[in-house]
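This report concerns only the one structure given below.
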Amino acid sequence: MVDPVELIADLVRIPSINPRDRAEPAETALAEHIAEWATARGMRARTEEVLDGRRNVLVELPGDDERPLLLESHLDTVETDGMTIAPFEPEVRDGRLYGRGSCDAKASLAVFLTAMARLAESGPRPRSVVFAGVVDEEHLYRGVTALRRSGLPVPAGAIIGEPTELRMVVAHKGCMRCRIEARGDAGHSSQPWGRTNAIEVAAEVVRHLQQEHAPRLDALARPLVGPPSLAVTMIEGGQGPNVLPDSCAVTVDRRTVGGEDPHEVWAQLRGELEARWPVLVHEPHIVDYSLETDPDDPFVRSVAAGLRASGLDADPLGVGYGTDASKIALDGVPAVVFGPGSIADAHTADESVPLDEVRTAVDVVERVLRTGGAPA
């Protein structure tokens with residue numbers, strides 16, 4: 001019998017820090033370990049390169065219906081700077097396992113693999129199951145993007161592993177992040193008359209965004225996630241204390257909701273600002289889509305049934321952060337986000353996951369797989 005706690009510990013011991021824009025095969029050792037682990041338990045497994053030697057891992061378990069259920073989570077973690085525990089020396093204490101990635105999201109990886117191993121030992125298997133451990137979720141989502149192009153059959157349903165405290169997340173926000181560059185006239189600061197000060201222009205734009213633009217977003221609120229939001233998160237500008245600035249840039253983080261296309265959101269913002277001020281609204285450097293899965297979809301109801309069977313809250317939930325689920329859903333796949341642990345413990349200096357939630361999560365996922373994603 002597979003012990004998910006031992007498996008989480010094994011996964012935590014293998015560093016998989018996202019290298020951001022550096023060319024490093026950061027997650028590959030973990031992907032290869034998972035492939036070997038799954039193969040030893042009678043499952044088909046392979047790795048696929050995404051970029052720079054970084055590899056996704058795919059594990060397949062055949063079933064009666066070849067259109068699979070997908071279990072997907074990410075291999076990468078955030079950095080370890082400032083951690084107060086040994087990041088890659090997992091420790092069990094007071095019912096929790098500590099280590100970098102224990103919560104986000106190696107516990108979810110272990111839950112999925114354990115449920116599949118149980119299914120491999122004994123049926124029924126009404127539907128094939130595919131596990132995907134992907135790279136780069138913590139940066140530019142390139143792992144899930146490669147997964148969508150990998151040629152796998154379109155899944156009948158997907159569970160995306162993230163720390164949700166064993167709640168079923170069916171909606172989350174997307175985002176559009178871009179840089180707004182204000183233009184001005186350089187010159188000596190002792191003679192500001194008649195010149196456009198780029199910092200002052202940027203200040204006017206920020207004031208407009210907060211006082212006029214952001215309040216209009218309330219009208220777009222969705223039931224589970226509320227309204228979109230806009231935050232100014234970075235500012236840079238000025239050449240010296242006695243030089244009038246000819247450039248000042250602010251970065252905005254615009255969270256989107258269901259029914260909004262992030263590219264259209266950017267185009268509308270560009271038109272609004274460039275028509276009023278001497279600014280250039282640069283193309284987005286990050287775009288992500290929102291998730292809004294129908295709670296009445298049969299697959300979603302099967303997950304809810306699995307939760308109720310374990311005595312858990314099966315009401316659909318919405319959250320403000322983003323996940324790989326929104327990319328999977330672009331292919332018409334009913335996707336939910338589910339896993340042990342809390343987002344409040346992700347990325348922290350003493351990251352950990354409660355082990356009772358891990359064991360319960362295995363039971364929930366196993367029930368869903370044994371029904372083939374059909375509602376009870």
Mind checking whether F131 and F112 have parallel, tilted or perpendicular rings, split at 30° and 60°?
perpendicular

To the nearest 0.5 angstrom, please state how far the CG atom of L244 sits from the OG1 atom of T196.
10.0 Å

Can we say E212 and R276 salt-bridge, meaning some charged N sits less than 4.0 Å from an Asp/Glu carboxylate O?
yes

Indicate yes or no for a side-chain donor-acceptor contact from R20 to the backbone of E138 under 3.5 Å, with no hydrogens or angles considered.
yes

Sole residue of V336, V337, V319, T323 in side-chain contact (heavy atoms from CB on, under 4.5 Å) with T164:
V337

More than 12 heavy atoms of other groups within 6.0 Å of E89 CD
no

Nearest-0.5 Å distance that lies between atom CD1 in I160 and atom CD in E72
4.5 Å

Tell me, please, whether Y98 has R93 positioned over its six-membered ring: NZ or CZ under 6.0 Å from the ring centre and within 45 degrees of its axis?
yes

Carboxylate-amine/guanidinium proximity below 4.0 Å for R222 and E292
yes

E32 with R46: basic N within carboxylate O range, under 4.0 Å:
no

Under-4.0 Å salt bridge between D345 and R96
yes

Verify whether one side chain among H347 and D104 offers a donor that lies under 3.5 Å from an acceptor in the other.
yes

Which heavy atom of P87 sits nearest to which heavy atom of V12, and what is that distance?
O-CG1, 3.6 Å

Between R41 and W37, is NZ or CZ placed under 6.0 angstrom from the six-membered ring centre and within 45° of the ring axis?
yes

Kindly indicate, with the supporting measurements, whether the criterion side-chain hydrogen bond (donor to acceptor under 3.5 Å, both in side chains) is fulfilled by D76 and H139.
CA-CA 9 Å; D76 57 320; H139 188 38; over 6 Å; no

Can you find a side-chain donor-acceptor pair between S290 and H172 that sits under 3.5 Å?
no

Hey, any chance V358 and M168 share a hydrophobic cluster, counting ILVMFWY side chains that come within less than 4.5 Å of each other, even indirectly?
yes

Could you check whether atom CD of E204 has more than 12 heavy atoms from other residues, nucleotides or ligands sitting under 6.0 Å from it?
yes

Do I8 and V365 belong to the same hydrophobic cluster, where Ile, Leu, Val, Met, Phe, Trp and Tyr are linked whenever their side-chain heavy atoms lie under 4.5 Å apart, directly or via other members?
yes

Between D65 and R127, is there a salt bridge with N-O shorter than 4.0 Å?
yes

Might you confirm whether atom CG of N242 has over 12 heavy atoms from other residues, nucleotides or ligands at distances under 6.0 Å?
yes

Can you name the closest pair of heavy atoms from P228 and A221 and give their distance?
CD-N, 4.3 Å

What are the two closest non-hydrogen atoms of T256 and C175, and how far apart are they?
OG1-N, 3.7 Å

Answer yes if L69 and L152 sit in the same cluster of Ile, Leu, Val, Met, Phe, Trp and Tyr residues linked by side chain heavy atoms under 4.5 Å apart, and no otherwise.
no

CA sep, side-chain torsions, deciding dist, call: T77, E351, side-chain contact (heavy atoms from CB on, under 4.5 Å):
CA-CA 11 Å; T77 72; E351 182 177 353; over 6 Å; no

Kindly determine whether S108 and E162 satisfy side-chain hydrogen bond (donor to acceptor under 3.5 Å, both in side chains), including the steps that lead there.
CA-CA 6 Å; S108 291; E162 292 285 355; over 6 Å; no

Check E272 with R270, please: is the shortest side-chain N to carboxylate O separation under 4.0 Å?
no

State whether the side chain of R167 and the backbone N or O of D315 hold a donor-acceptor pair below 3.5 Å, judged by distance alone.
yes

What's the shortest heavy-atom distance between A214 and Q210, and which atoms?
CB-O, 4.0 Å

Taking the side chain from S122 and the backbone from L119, do they hold a donor-acceptor pair closer than 3.5 Å?
no

Row check, Y141 ring normal vs K327 NZ/CZ: under 6.0 Å, within 45°
yes

L113-L30 co-clustered via ILVMFWY side chain contacts under 4.5 Å:
yes

D313 backbone acceptor or donor facing R308 side chain under 3.5 Å:
no

Counting N and O atoms only, with roles assigned by atom type, does the side chain of R55 sit under 3.5 Å from a partner on the main chain of T47, one being a donor and the other an acceptor?
yes

I'd like to know if the side chain of R67 and the backbone of V154 have a donor-acceptor N/O pair within less than 3.5 Å.
yes

Got a donor-acceptor contact below 3.5 angstrom from the K106 side chain to the L11 backbone?
yes

Rounded distance [0.5 Å steps], OG in S302 versus CD1 in I159
7.0 Å

Pair D331 + R148, salt bridge at N-O below 4.0 Å
yes

Tell me whether R301 is salt-bridged to D296, with the criterion being a basic N under 4.0 Å from an acidic carboxylate O.
no

Could you walk me through whether D261 and H263 pass the side-chain hydrogen bond (donor to acceptor under 3.5 Å, both in side chains) test, one step at a time?
CA-CA 6 Å; D261 183 294; H263 298 284; 4.9 Å; no

Shortest non-hydrogen contact from R359 toward V5:
NH2-CG2, 3.5 Å

State yes or no: do I343 and F338 share one hydrophobic cluster built from I, L, V, M, F, W and Y residues joined by side-chain heavy-atom distances below 4.5 Å, directly or via other members?
no

Donor-acceptor pair between D246 and Q239 side chains, under 3.5 angstrom
yes

Spell out, as yes or no, whether a donor-acceptor pair under 3.5 Å connects the side chain of R254 to the backbone of W266.
no

State plainly whether the residues R54 and D136 are in salt-bridge range, i.e. N to O under 4.0 Å.
yes

Nearest non-hydrogen partners of G99 and I85, listed with the distance:
N-CD1, 3.5 Å

Are the side chain of S310 and the backbone N or O of L307 linked by a donor-acceptor pair below 3.5 Å?
no

Hey, are D218 and R216 close enough for a salt bridge, meaning a charged N less than 4.0 Å from a carboxylate O?
no

Please check: side-chain N/O of S326 versus main-chain N/O of Y289, any donor-acceptor pairing under 3.5 Å?
yes

